[in-house]
Asks: 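Quick one: the structure is below, and I'll ask about it shortly.
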Amino acid sequence: MSVTPDPTVVEGLDAWRSLPVVQQPVWPDADALTRATDKLASLPPLVFAGEADALRAQLAAAGRGEAFVLVGGDCAETFAEATADNIRNKIKTILQMAVVLTYGASMPVVKIGRMAGQYAKPRSSDTETRDGVTLPAFRGDIVNGFDFTPEARTPDPQRLLEAYHTSAATLNLIRAFTTGGFASLLRVHEWNRGFTKTPAYARYEVLAAEIDRAIRFMAACGADFDQLRTVDFYSSHEGLLLDYERPLTRIDSRTGLPYDCSAHFVWIGERTRQLDGAHVDFFSRLQNPIGVKLGPTASADDALALLDKLNPTGEAGRITFVTRMGAGKVRDLLPGLVEKVAADGRPVTWVCDPMHGNGITSATGYKTRRFTDVMDEVAGFFEVHRALGTVPGGLLIELTGDDVTEVLGGSVEIDDERLAERYETLVDPRLNHQQSLELAFQVGELLRSA
Ligand SMILES: O=C[C@H](O)[C@H](O)COP(=O)(O)O
Ligand SMILES: C=C(OP(=O)(O)O)C(=O)O
Ligand SMILES: [Mn+2]
């Protein structure tokens with residue numbers, strides 16, 4: 001039996017339209033936009049509300065220290081790179097990291113891909129100028145093209161539909177991999193095949209052999225491994241582009257309540273978390289578990305006011321605060337924030353994004369980050385939570401399964417000169433496969449030393 005929604009609930013989903021909204025494109029053709037959003041609204045949801053509920057329960061567990069969250073994927077997915085190889089390499093990397101972390105933490109890892117919808121980007125500037133020519137900034141494949149031409153940079157609503165279909169195809173492959181046997185823990189060695197034989201690769205082989213031995217031992221004892229054959233893997237992205245998120249928001253027939261069915265988990269970015277802005281209002285009406293990025297300018301009062309709007313009743317798992325302070329600031333700024341939110345009592349899951357507070361420009365002109373800064377922010381995040389008796393609940397990482405050279409450092413040293421070798425990201429620099437595993441091993445040690 002399906003529950004009829006309260007009409008005011010449905011109306012409320014459009015209240016954001018009369019509120020201040022930032023970081024949205026200016027679509028040149030209003031009719032074309034309406035055609036695209038009407039079409040989106042008629043297409044099937046990408047995820048099921050019940051899955052979002054399951055994730056909410058797992059995020060709640062992470063908030064209590066009974067699980068650890070790993071969110072990983074590109075800064076900006078692109079349509080061209082939604083290939084089987086790229087998707088498989090990203091999934092394998094996340095599964096490998098999750099195994100390393102599970103081993104370190106001896107607790108479940110909640111696996112979330114920053115995948116199948118991470119197409120919209122906020123930008124520092126609305127425009128980009130090259131050689132005296134100024135064009136609209138690239139806002140992600142869902143809005144415009146990366147090529148520096150007036151045609152490519154003009155926002156095109158057809159891209160909303162392409163983002164939907166590419167997300168559907170990506171999600172379909174993710175589901176096939178994670179439920180069809182590929183992600184079975186019995187194949188823990190296989191996930192390492194095909195990657196470059198780096199030190200992290202070798203260290204992973206040792207761990208995988210230990211896991212294999214443990215599995216063979218348990219098998220000899222008569223254990224049943226059905227539960228190891230599939231994994232829960234969730235999708236997520238920044239819910240930035242409201243012309244996409246609104247038409248994919250659907251009323252759940254079980255409860256009559258709205259879920260944003262573009263992904264299981266959506267978050268509000270650092271640039272769009274204004275308390276009286278469109279994003280906070282829209283997200284406040286969703287049932288999904290949601291995230292909010294908190295950067296160095298976020299005060300404890302801001303965080304509490306966000307809780308009032310987004311989780312007034314204090315439902316566990318509903319809110320994940322993703323802090324991204326920067327390595328140099330995390331130890332100064334995070335304690336005040338965490339302490340006051342903890343004193344409030346409404347549960348929060350704390351996740352560290354050690355990427356976005358640590359951006360630098362290399363001597364050679366690339367937008368990059370230092371691996372040591374990334375690790376230092378993670379270490380600071382753990383230190384602060386441990387000192388306060390609160391829970392470091394997880395990580396959000398920009399990564400790819402490929403051998404790109406976008407982040408400086410790592411044990412296979414990438415220096416300024418090497419950035420040019422394979423710098424492929426269209427927005428922010430990502431950890432490559434080796435650096436991702438290396439991070440997981442170091443975080444595994446931090447979790448073990450609890
Ligand atoms: O991923 C996020 C970027 O940091 C954000 O989009 C801003 O990037 P920009 O400063 O290159 O515009
Ligand atoms: C834009 C991003 O982050 P933030 O909102 O924290 O700057 C991002 O996650 O890519
Ligand atoms: Mn980014």
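Just so it is clear, the structure is predicted and the values come from calculations on it, not from any experiment. Both ligands and their constituent atoms are indexed starting at 1 by order of listing.
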Asks: Would you kindly say whether Trp27 and Asp156 are connected by a side-chain donor-acceptor distance under 3.5 Å?
Replies: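 There is no such pair (donor and acceptor under 3.5 Å, judged by atom type) between the side chains of Trp27 and Asp156.
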
Asks: Which of the atoms of ligand 1 are close to Pro122, meaning less than 4.0 Å from one of its heavy atoms?
Replies: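 Numbered from 1, ligand 1 contributes 5 (C), 6 (O), 7 (C).
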
Asks: Indicate yes or no: does an N/O atom of His356 lie under 3.5 Å from an N/O atom of ligand 2?
Replies: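 In this structure, His356 places an N or O atom under 3.5 Å from an N or O of ligand 2.
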
Asks: Which of the numbered atoms in ligand 2 are below 4.0 angstrom from a heavy atom of Arg114?
Replies: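 Contacts of ligand 2 toward Arg114, numbered from 1: 8 (C), 9 (O), 10 (O).
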
Asks: Should Arg123 be counted as touching ligand 1, given the test is an N or O pair under 3.5 Å?
Replies: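 Yes; the residue has a nitrogen or oxygen that sits under 3.5 Å from a nitrogen or oxygen of the ligand.
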
Asks: Starting from the C-alpha separation in whole Å, work towards a yes-or-no answer on side-chain contact (heavy atoms from CB on, under 4.5 Å) for Val443 and Leu439.
Replies: CA-CA 6 Å; Val443 175; Leu439 173 133; 4.1 Å; yes

Asks: Pull out every atom of ligand 1 sitting under 4.0 Å from any heavy atom of Lys367, numbered as shown with elements.
Replies: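 Counting from 1, the qualifying ligand atoms are 3 (C), 4 (O), 8 (O), 9 (P), 10 (O), 11 (O).
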
Asks: Under a 4.0 angstrom heavy-atom cut-off, which atoms of ligand 2 come close to Arg324?
Replies: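 Going through ligand 2 atom by atom, the ones under 4.0 Å from Arg324 are 4 (P), 6 (O), 7 (O).
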
Asks: Could you tell me which atoms of ligand 2, counted from 1 in the order shown, lie closer than 4.0 angstrom to a heavy atom of Gly269?
Replies: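 Counting atoms of ligand 2 from 1, those under 4.0 Å from Gly269 are 5 (O).
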
Asks: Please identify which atoms of ligand 2 are closer than 4.0 Å to at least one heavy atom of Pro122.
Replies: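 In order of number, 1 (C).
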
Asks: Can you confirm whether Asn432 sits close enough to Asp402 that some side-chain heavy atom of one is under 4.5 Å from a side-chain heavy atom of the other?
Replies: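 A side-chain contact under 4.5 Å is absent here.
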
Asks: Taking only heavy atoms of Asp428, which atoms of ligand 1 are found under 4.0 Å from at least one of them?
Replies: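 Listed by number with element, the hits are 1 (O), 2 (C), 3 (C), 4 (O).
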
Asks: Going by the atom numbers of ligand 1, which of them fall below 4.0 Å from some non-hydrogen atom of His356?
Replies: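 What qualifies from ligand 1 is 1 (O), 2 (C), 4 (O).
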
Asks: With heavy atoms of Glu398 as the reference, note each atom of ligand 2 found under 4.0 Å away.
Replies: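 It comes down to these atoms of ligand 2: 8 (C), 9 (O), 10 (O).
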
Asks: For ligand 2, is any non-hydrogen atom under 4.0 Å from Met355's backbone (N, CA, C, O), its side chain (CB onward), both, or neither?
Replies: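 No part of Met355 comes within reach of ligand 2.
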
Asks: Specify the protein heavy atom at minimum distance from atom 10 (O) of ligand 1: its residue, its atom name, and the distance to 0.1 Å.
Replies: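 Nearest neighbour among protein heavy atoms for atom 10 (O) of ligand 1, to 0.1 Å: Ser124 OG, 2.3 Å.
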
Asks: Decide yes or no on side-chain contact (heavy atoms from CB on, under 4.5 Å) for Trp350 and Val391, but give the supporting numbers first.
Replies: CA-CA 7 Å; Trp350 294 100; Val391 176; 5.8 Å; no

Asks: Rounded to the nearest 10°, what angle sits at the Mn ion (ligand 3) between SG of Cys75 and OD2 of Asp428?
Replies: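 It is 90°, given to the nearest 10°.
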
Asks: To check your reading of the model: name the closest protein heavy atom to atom 7 (C) of ligand 1, its residue, and the distance in Å.
Replies: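 For this ligand atom, the closest protein heavy atom is Arg271 NH2, 3.3 Å.
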
Asks: Ser362 side chain to Asp416 main-chain N or O, any donor-acceptor pair under 3.5 Å?
Replies: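 Looks like no, no N/O pair under 3.5 Å.
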
Asks: Under 4.0 Å from a heavy atom of Glu238: give me the atoms of ligand 2 that qualify, with their elements.
Replies: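 Every atom of ligand 2 under 4.0 Å from some heavy atom of Glu238: 1 (C).
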
Asks: At a 4.0 Å threshold, what atoms of ligand 1 neighbour a non-hydrogen atom of Cys75?
Replies: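 Selected atoms, number and element: 1 (O).
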
Asks: Can you check whether Trp267 has an N/O within less than 3.5 Å of an N/O in ligand 2?
Replies: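 Looking only at distances, the answer is no, because the N/O contact criterion of under 3.5 Å is not met.
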
Asks: Quick one: do Lys309 and Asp281 make a salt bridge, cutoff under 4.0 Å?
Replies: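 Looking at Asp281 together with Lys309, the answer is no, because their closest N to O distance does not fall below 4.0 Å.
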
Asks: Just by distance, with hydrogens left out, do His279 and Gln23 show a side-chain donor and acceptor under 3.5 Å apart?
Replies: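 Judged by distance alone, the side chains do not pair up.
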
Asks: Ligand 1 and Val427, any nitrogen or oxygen pair closer than 3.5 angstrom?
Replies: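 So ligand 1 has no N or O lying under 3.5 Å from an N or O of Val427.
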
